[in-house]
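Each remark here refers to the structure printed beneath this line.
We count residues from 1, following the sequence as given.
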Amino acid sequence: MATKFSEFTAADMRAAMIDSQLRTNDVIDAAVVGAMAAVPREAHVPAHLASVAYTDRALALGHGRALNAPLVTGRMLVAAAIRPGMRVLLIGSATGYTAAVLARLGAEVHAVEDQAELMAMAAAATPAEANIHWVNGPLNGGAPDAAPFDRIIIDGAIETLPDALTAQLAEGGRLVAARREGAVTRLVQGVKAGGAVPLRSFADMDAAPLPGFAAAAGFTF
């Protein structure tokens, strides 16, 4: 008879995720590891995926969207260097997992999602006291009314970075994303200086693509 998925097995899988996926791949920041250990990833996926919520791969959520693998999330959060009290713009919040981890890190999160059904799942899965502002709107539009932000995290792979988003990053603020270059996806980061955000890659890692960030024909990042 199949073992029933439970809080006990979820805790075991969370611990295994940390030991076998995160710590062995440079996600050793104590705050990030602690936050990912505290947030129940299984609450942020459809019920039929709860038993595989901690596997090292992206999970399809429907609507052409996916939840990134835990390692992708961990590496992006370490690169973002979140500190308590920071104002963070999260693009592509989907079912709210990364938003919940950011809130555990002490950030004030403005989480943008264009799929109302995914946002409803996110709100239901996240404690009401979490400092998260849910924004239903185009992913490439951000949350200009709440700008500027100390950090912007684009939680997926993009081909172009819209000026509308970089304009919402405070001078000296950091942006983290995944950039698709042909068949390769690289995690990238950049610090805003003089109004520009030059991006450099720090890891080759597959990330789920986000809609609305496709490059025009002939465009080179």
Side-chain angles (χ1 to χ4, degrees), residues 39 41 43-46 58-68 72-73 76-77 80 82 85-171 173-180 185 187-190 192 195-197 199 207-216 219 221:
V39 174
R41 187 174 164 90
H44 293 274
V45 298
L59 298 177
L61 300 171
H63 308 281
R65 302 288 297 283
L67 177 66
N68 278 317
V72 173
T73 302
M76 293 180 82
L77 290 173
I82 304 297
M86 281 186 169
R87 303 181 72 251
V88 179
L89 176 63
L90 176 64
I91 302 296
S93 60
T95 53
Y97 176 70
T98 302
V101 177
L102 284 166
R104 290 286 305 197
L105 288 168
E108 176 190 339
V109 186
H110 292 256
V112 181
E113 178 51 54
D114 64 356
Q115 296 292 331
E117 185 176 331
L118 295 181
M119 181 168 285
M121 184 183 297
T126 307
E129 66 271 17
N131 195 3
I132 302 173
H133 308 276
W134 303 106
V135 181
N136 185 212
L139 303 184
N140 56 15
D145 292 345
F149 297 97
D150 302 302
R151 298 289 187 267
I152 295 178
I153 297 176
I154 302 175
D155 201 7
I158 63 174
E159 294 179 355
T160 61
L161 178 59
D163 292 341
L165 291 185
T166 59
Q168 295 172 43
L169 184 64
E171 188 74 5
R174 187 185 300 263
L175 183 146
V176 180
R179 179 170 62 194
R180 187 173 295 279
T185 302
L187 302 187
V188 296
Q189 61 178 321
K192 189 171 183 177
V197 186
L199 298 175
L210 282 182
F213 296 92
F219 176 87
F221 208 112

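Annotation for A107 and V88: closest pair CB-CG2, 3.7 Å, computed over non-hydrogen atoms. Summarising the geometry of P162 relative to T160, their closest heavy-atom pair is CD-O, 3.5 Å, with the distance given to 0.1 Å. Among all heavy-atom pairs drawn from I132 and A111, the shortest one is CG2-CB, 4.2 Å. Taking both residues in full, the closest heavy atoms of P46 and L61 are given as CD-CD2, 3.7 Å, listed atom of the first, atom of the second, then distance. Across Q168 and P144, no two heavy atoms sit closer than the pair OE1-N, 3.4 Å. Nearest heavy-atom pair, A143 versus V135, reported as atom, atom and distance to 0.1 Å: CB-CG2, 4.4 Å.
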Given side chain to side chain contact (heavy atoms under 4.5 Å, CB included), test R41 with L67 step by step and report yes or no.
CA-CA 10 Å; R41 187 174 164 90; L67 177 66; 3.6 Å; yes
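The side-chain heavy atoms of R174 and M86, taken from C-beta on, include no pair separated by under 4.5 Å. You'll find the side chain of I158 stays beyond 4.5 Å of the side chain of I91, heavy atoms only. Considering only heavy atoms from C-beta on, R151 stays 4.5 Å or farther from L90 through its side chain.
Among pairs with a residue in residues 135-150, none fulfils salt bridge (Lys or Arg N to Asp or Glu O under 4.0 Å), at least two apart in sequence or across chains. Evaluation of the ring pair (Phe, Tyr, Trp, His ring centres under 6.0 Å) test over residues 142-171, restricted to residues two or more places apart or in two chains, returns H110-F149. Evaluation of the salt bridge (Lys or Arg N to Asp or Glu O under 4.0 Å) test over residues 87-102, restricted to residues two or more places apart or in two chains, returns R87-E108.
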Taking distance alone, no hydrogens or angles, what donor-acceptor pairs closer than 3.5 Å link side-chain atoms of residues 116-126 to residues at least two apart or in another chain?
residue : atom : partner : partner atom : Å
E117    : OE1  : H63     : NE2          : 3.3
T126    : OG1  : A122    : O            : 2.7

Counting only pairs under 3.5 Å, give me each side-chain donor-acceptor contact of residues 93-104, with atom names and distances, residues two or more places apart or in other chains.
residue : atom : partner : partner atom : Å
T95     : OG1  : H44     : O            : 2.5
T98     : OG1  : D155    : OD2          : 2.8

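N68 places a side-chain N or O within 3.5 Å of a backbone atom of A208 that can act as its donor or acceptor partner.
E113 CD to L139 CG: the interatomic distance, rounded to the nearest 0.5 Å, is 5.5 Å. Summarising the geometry, atom OG1 belonging to T166 is positioned 5.5 Å from atom CG belonging to L161; distances are rounded to the nearest 0.5 Å. Rounded to the nearest 0.5 angstrom, L165 CG and L89 CG are separated by 6.5 Å. To the nearest 0.5 Å, atoms OG1 (T185) and CG (L187) are separated by 8.5 Å.
For P209, the side chain to side chain contact (heavy atoms under 4.5 Å, CB included) criterion is met by R180, not counting sequence neighbours. Partners of A80 under the side chain to side chain contact (heavy atoms under 4.5 Å, CB included) rule, at least two apart in sequence or in another chain, are I82, I153, V176. Every side chain to side chain contact (heavy atoms under 4.5 Å, CB included) that E171 has, sequence neighbours left out, goes to K192, A193.
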